[in-house]
Amino acid sequence: MAKERFDHKAIEQAAQKKWEELDLYTTDLKDDSKDPYYLLFEFPYPSGDLHIGHWYAFALTDIFARYQRMQGKNVLFPIGFDAFGLPAENAAIKHGIDPKKWTYENMDRMREQIRSMGTSVDWTKEVVTSDPAYYKWTQWLFLKFFEQGLAERRNAAVKWCPNDKTVLANEQVMDGRCERCGHEVEEKNLTQWFLTITKYADRLLRDLDPLPWREEMKEAQRAWIGESEGAKLSFPLHSYTAESAAEGVDMNMAIEVFTTRPDTLYGATYVVLAPEHPLVETLLPAALNADEMRAYRTATSRKTERERQEEKDKTGVLVGGIMAINPATNEPIPVYLADYVLVSYGTGAVMAVPAHDERDFEFAQKFGLPMKQVVVTCADDPNNPPQEGFPDVKRDTVIVHLRDTATGKFALLDWHGSLDGITTAIMGGVEEGQTPVEAALAEISEEAAIEGVRIVKQLPWITAAKYCASHKSQNRCAHTYAFLAEIDGLESQGEIPENEQALHTLVWVDESAVLSRLTPPHQKQMWQLLNEVTALTDDGYLINSGVFDGRSNREALWDIVAAAGGERVKNYRLRDWLVSRQRYWGCPIPVVYDPEGIPHAIPAEHLPWLLPEDVDFTPGKNESPLASSTELKERVTNIFGEGWTPEYDTLDTFVDSSWYYLRYLDPADDHDFTDQSLLKKWLPVDRYSGGSEHTTMHLLYSRFFHKALYDLALVPTPEPFNERFNRGLILGPDGAKMSKSKGNVINPDDFVAKYGADAVRMYLAFIGPYNEPGNYPWNLDGVEAMRKFLDRINALSERLTDAPASDTLTRALGIASAKVGTDTDRFKFNTAISALMVALKEFEAAPEVSREAYRAYLLMLAPFAPHLAEHLYEKTGGEGSVHEGSWPEAVVAQSDTATIIVQVNGKKRGEIMMAPGATEEEALHEAMKIEAVIKVIGEQSPQRTVYVPGRILNIVVAKA
RNA sequence: GGGUAUGUGGCGGAACUGGUAUACGCGUACGCCUCAGAAGCGUAUGGAGCAAUCCUUGGAGGUUCAAAUCCUCUCAUACCCACCA
């Protein structure tokens, strides 16, 4: 069979020209004759050159757009450019090019490249965020937020690179270092604009649940929002000066803390304020060590966030002469400043419970602060679990781990009788009038007949185990004190009495074996704690908690809050969105300041508030580039009057991209941000395809924007996007992530020139499922294989006849159209193409290739290889465009025979061909003719058979 | 440290609600064609074994007539969050 290679360049040009002439891809948004389908992909940043990742993003989404059109949908498949942003400005700084020129030239180049992929995007809907026609409405929306109190000005730290002498955008800081020069970044305080996304935290979280997104994405957003429920508690402050040392003087102020563990309130032994906490300033005059506090505060502010996090040791300083009153115990407890408490989370202050919080424990250890246990974890003893209906009886017990320093071994007891198989440390009850230490010594004497031991350590915590004392019909809750004791050699060991020997055997084991030898989980836990004391974070019952003693900590939690006059609150990790950027190439913030410095919205008639062009953006200035524009200052003076000043910051580009999908509906509208009459029909976006890097920021910001607009009745839906798919990543040929610095970036142009756009598209589609993220190495052989596949399809066009399609071919087509259809629908382009390949084999094997069947095949090929499909469609005499065609109907092929798998005891032993409606008897009869089946069954007779008609027959015989 | 997802040939990956594990492609081997090579075509290709047959979906158990799929434990990898009270 002659395999002539087709001329992909000619075919591509002809097809693209034809589509343009036929104007196939301009969507009539008002067309009500078809169902609307809004297919969105993340619009690109015009970085200049298209890499293979862009192909992966655009060309594969295009497959789906074409498929949906063939399904009779009115598909909106728009494109635009996220054109503001740093690279343009960096190019300007580095090479002295005008950012605008750089950006717009890049866009021109990219438009051409995107066309070359054969994408069916609607260019008439294009939006460019840096066009005044677009950012006029970004500014308008910002002002809507401002009116609603959703845009606020407050003081915040900005990142500053001391080497480049410039302010950095947040996204320019990588791991605490300047993205450009690698220098450690500092923080500076400036007054900046925030969008109060935290007001929507609850709804952003709640509305996530019903979205048909992968759990991963939802979880990532939930983690980002970071809701936690707890209580706000108030700790009144008293001052203790030399004169009032005893009672203290009520200062009439209090520290508000947020805690998720108010159940441990009785264990709060000190309070910590973030060094930046506003209250610190107020406390300074009353504190005995104001200088020390100031010094600590300054030291903290010098440190970057990064340094504070990396620091292993906790630091802090006592607030001298001031105590906080624990609202539960009414006891005064010390107040500290420490930078392990973050001012931006909760109330910027915590109640410290060293016994039950790891961070507080660390701090308390370092500062020698007392710890107070209030929760006792109580595990059921698995060897002797408590029984229902028996009363609980509390009992104090001791556990002693005795070490012989001569051998380094530890004493354990192997129990006999009713406790057979159990191994514990030396243990026993605390008798009336005994202290735990006395009890410990007494048990060593009784059970091991050893005197003269030293107690070297007592565990600061007690834990408990619940077991059943059946002889007393009680459940005992053994409240356990744990000790570490030592003895130097066993010379003094006496005879262990017989009655004790009958109960247990004393064994000496190596330190490393203790943990595995101990059987009760409670004892294991004790051993670990004795070796390394940590905070107890598990739940249990309360002690040292006044009236709440004995109750479960979880169950008593809100009662404790109520008793302490606290308030139930929710807190979020999510911070308000800082949108000010001290950058040039962005959307100007549409605000001016009056002579008093009060911000005012720029009236709508002055929008778009243009980005000035007489700007010096070379680094080295401690302010925003816009401040260097004389034009901007004059503009403000002319419009608003003398003394009025401009806002010099621009908006974060995430603001621009938070609403672009709305603008696509009416990109040129000069009277409104979009055509609102179309929103009801086109929202929410049906399917949004993008990269996983945007799961948290962009998707969350867009959802926030959308909800805010929903509340303003500017959009009709509470959510912007219905389905969302994150695509995978194309790796370089070396299996590493592509990057310019590694030099492994694939330039698709060479491959497109050699194999054609269709082959590159298909290779990318074939590489793996598009509906889940993954990493795929770029493989040249794969592109070539796709080209061969296309060549085979092309070759077939020479063999067409007018004869009707054979049954085999019709069936093959039916199977393919069903599978290719459902797989394409689910973004599983890889298996869709595989089905196309299987069908092609049938065509190649057929003695005659019916033209009609072949044309149906071309329709299925069209979304994947749009150019070749168009060419072959024309060649076979098709009218119009193949892309105007409908998806071929799946002719369900009714087969008169089915292959039934015959199993014996679940193992395949053969197969039989039967009518799908055959009875079990018929199938069994047929199956018993199979040699392998006869052989395996042998003399035995079938016990039962499982028969799934048309599928499987399983004969079950007794195991030999 | 916490959360989520994923573990299937030499590689990318298939297997719908439990019902023929390894579709499709790459790679590899052999053969045909050719003066020769390239291309093309054909055959084979999870492992062991001459074979009958046995083993195989990260590992160990379990449920079931039947498990890649469901359950329990465990190991590994990726991503997200992380001094978040």
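Sequence lines set the chain letters: A, B, ... in the order given, protein chains first and strands last, and positions in each chain run from 1. Everything numeric in this text was worked out from a predicted model, so none of it was measured.
Among B:A85, B:U20, B:C65, the nucleotide with an atom closest to any side-chain atom of A:Tyr345 is B:A85. Side-chain proximity of A:Met837 to B:C24, B:G19, B:A85: nearest is B:C24. Out of B:A85, B:C83, B:U4, the shortest distance to the side chain of A:Glu216 is found at B:U4. Considering only the side chain of A:Thr259, B:A85 comes nearest among B:G19, B:A85, B:C41. The side chain of A:Val341 approaches B:A85 more closely than any other nucleotide in the set B:G25, B:C83, B:A85. In the set B:C26, B:A5, B:C16, the nucleotide with an atom closest to the side chain of A:Arg951 is B:C16. Taking every side-chain heavy atom of A:Lys908 into account, B:U20 is the closest of B:C65, B:A5, B:U20. Between B:G25, B:A14, B:G19, one nucleotide has an atom nearer to the side chain of A:Pro769 than all others, and that is B:A14. Picking from B:C26, B:G19, B:C24 the nucleotide with the shortest atom distance to the side chain of A:Ser834 gives B:C24. With B:G40, B:C65, B:G25 as the choices, the nucleotide that has an atom nearest any side-chain atom of A:Lys788 turns out to be B:G40.
OP1 or OP2 of B:C65 lies within a sub-4.0 Å distance of a side-chain N or O belonging to A:Arg944. A close approach under 4.0 Å does not occur between any side-chain nitrogen or oxygen of A:Tyr776 and OP1 or OP2 of B:G12. At B:C83, none of the side-chain N or O atoms of A:Arg573 fall inside 4.0 Å of OP1 or OP2 (strictly under the cut-off). The side chain of A:Lys218 places no N or O atom within less than 4.0 Å of a non-bridging phosphate oxygen (OP1 or OP2) of B:U4. OP1 or OP2 of B:G25 has at least one side-chain nitrogen or oxygen of A:Lys841 nearer than 4.0 Å. Between B:A85 and A:Ser228, a contact under 4.0 Å exists linking OP1 or OP2 to a side-chain N or O. For the pair A:Lys907 and B:U56, the criterion of a side-chain N or O lying under 4.0 Å from OP1 or OP2 is not met.
The shortest distance between side-chain heavy atoms of A:Lys372 and A:Ile333 does not fall below 4.5 Å.
Partner of A:Trp577 under the ring pair (Phe, Tyr, Trp, His ring centres under 6.0 Å) criterion, chosen from A:Tyr701, A:Trp224, A:Phe194: A:Tyr701.
Salt bridge status for A:Lys788 with A:Asp781: absent, with no side-chain N to carboxylate O gap under 4.0 Å. By the 4.0 Å N-to-carboxylate-O rule, A:Arg724 lies too far from A:Glu216 to be salt-bridged with it. Ion pairing of A:Arg787 with A:Glu784 is absent here, as no side-chain N (NZ or NE/NH1/NH2) approaches a carboxylate O to less than 4.0 Å. The pair A:Arg222-A:Glu215 meets the salt-bridge criterion, since a charged nitrogen lies less than 4.0 angstrom from a carboxylate oxygen.
The partner of B:C80, taking Watson-Crick or G-U wobble pairs whose two distances both stay under 3.5 Å, is B:G2. Applying the Watson-Crick and G-U wobble criteria (two distances, each under 3.5 Å), B:C50 pairs with nothing in any strand. Taking a pair to require two hydrogen-bonding distances under 3.5 Å in either a Watson-Crick or a G-U wobble arrangement, B:G40 pairs with B:C32. Figure legend. B:C70 is base-paired to B:G62; pairs are counted as Watson-Crick or G-U wobble with both atom distances under 3.5 Å. Pairing partner, B:U17: none, since no Watson-Crick or wobble contact has both distances short of 3.5 Å. Remark: B:G9 base-pairs with no nucleotide in the shown strands. Criterion, Watson-Crick or G-U wobble with two distances under 3.5 Å.
When the C1' atom is used for both B:U57 and B:U69, the distance is 10 Å, rounded to whole Å. To the nearest whole angstrom, the two P atoms, one in B:C54 and one in B:A21, are 13 Å apart. Only the C1' atoms considered, B:C41 is 35 Å distant from B:U53, to the nearest whole Å. Look at the P atom in both B:A48 and B:G13: the space between them is 25 Å, to the nearest Å. If you take atom P in B:U74 and the same atom in B:A29, they sit 45 Å apart, rounded to whole Å. Spacing of C1' atoms, B:G2 relative to B:A68, comes out at 29 Å, to the nearest Å. Comparing the same atom, P, in B:G62 and in B:A52 gives a spacing of 31 Å after rounding to whole Å. One P atom belongs to B:U22, the other to B:A67, and the distance between them is 16 Å to the nearest Å.
Using a 4.0 Å heavy-atom criterion, one finds that A:Ile901 contacts the bases of the nucleic acid, with or without backbone contacts as well. Across all strands, A:Glu362 comes closer than 4.0 Å to no nucleic acid atom at all (heavy-atom distances). No contact: A:Arg222 has no heavy atom under 4.0 Å from any strand. Among the atoms of the strands shown, only primed sugar atoms or phosphate atoms (P, OP1, OP2) are found under 4.0 Å from some heavy atom of A:Asn830. Across all strands shown, A:Val272 has no heavy atoms under 4.0 Å from either base or sugar-phosphate atoms. The residue A:Lys828 sits close only to the backbone: its heavy atoms come under 4.0 Å of sugar-phosphate atoms, none of a base. Heavy atoms of A:Pro777 sit nowhere under 4.0 angstrom from any nucleic acid atom. A:Arg909 comes within contact range of the sugar-phosphate backbone alone, with a heavy-atom separation under 4.0 Å but no base atom that close.
Of the residues near RNA chain B, A:Glu215 and A:Ile767, the one whose nearest nucleotide (by heavy atom distance) lies more toward the 5' end is A:Glu215. When each of A:Met786 and A:Tyr340 is assigned the nucleotide of RNA chain B with its nearest heavy atom, A:Met786 is the one assigned upstream, toward the 5' end.
In this entry the distance linking CZ of A:Phe235 with C1' of B:A85 reads 12 Å, nearest Å. Remark: P of B:A38 and CZ of A:Arg5 are 16 Å apart, rounded to the nearest angstrom. One atom, CD of A:Glu772, and another, P of B:U6, lie 8 Å apart when rounded to the nearest Å. One atom, CG of A:Asn905, and another, P of B:A67, lie 11 Å apart when rounded to the nearest Å. The interatomic distance linking A:Arg826 (CZ) with B:A15 (C1') rounds to 11 Å, in whole Å. If you measure from atom CH2 of A:Trp224 to atom C1' of B:C79, you get 14 Å, rounded to the nearest angstrom. In this structure, A:Glu227 places its CD atom 16 Å from C1' of B:C81, rounding to the nearest Å. Between the CD atom of A:Glu844 and the C1' atom of B:G40 there is a distance of 12 Å, rounded to whole Å.
Aromatic rings from A:Trp778 and A:Phe751 are positioned such that their centres are separated by under 6.0 Å. Checked against a 6.0 Å centroid threshold, the rings of A:Phe361 and A:Phe363 do not count as neighbours.
At a cut-off of 3.5 Å, with distance as the only test, a side-chain donor of A:Thr198 or A:Asp576 sits close to an acceptor on the other residue.
In this structure, B:G9 shows a glycosidic angle within 90 degrees of zero, which is the syn conformation.
Not a single donor-acceptor contact under 3.5 angstrom links the side-chain atoms of A:Asp781 to the base of B:C26.
Between the side chain of A:Asn771 and the backbone N or O of A:Phe725, no donor-acceptor pair lies under 3.5 Å.
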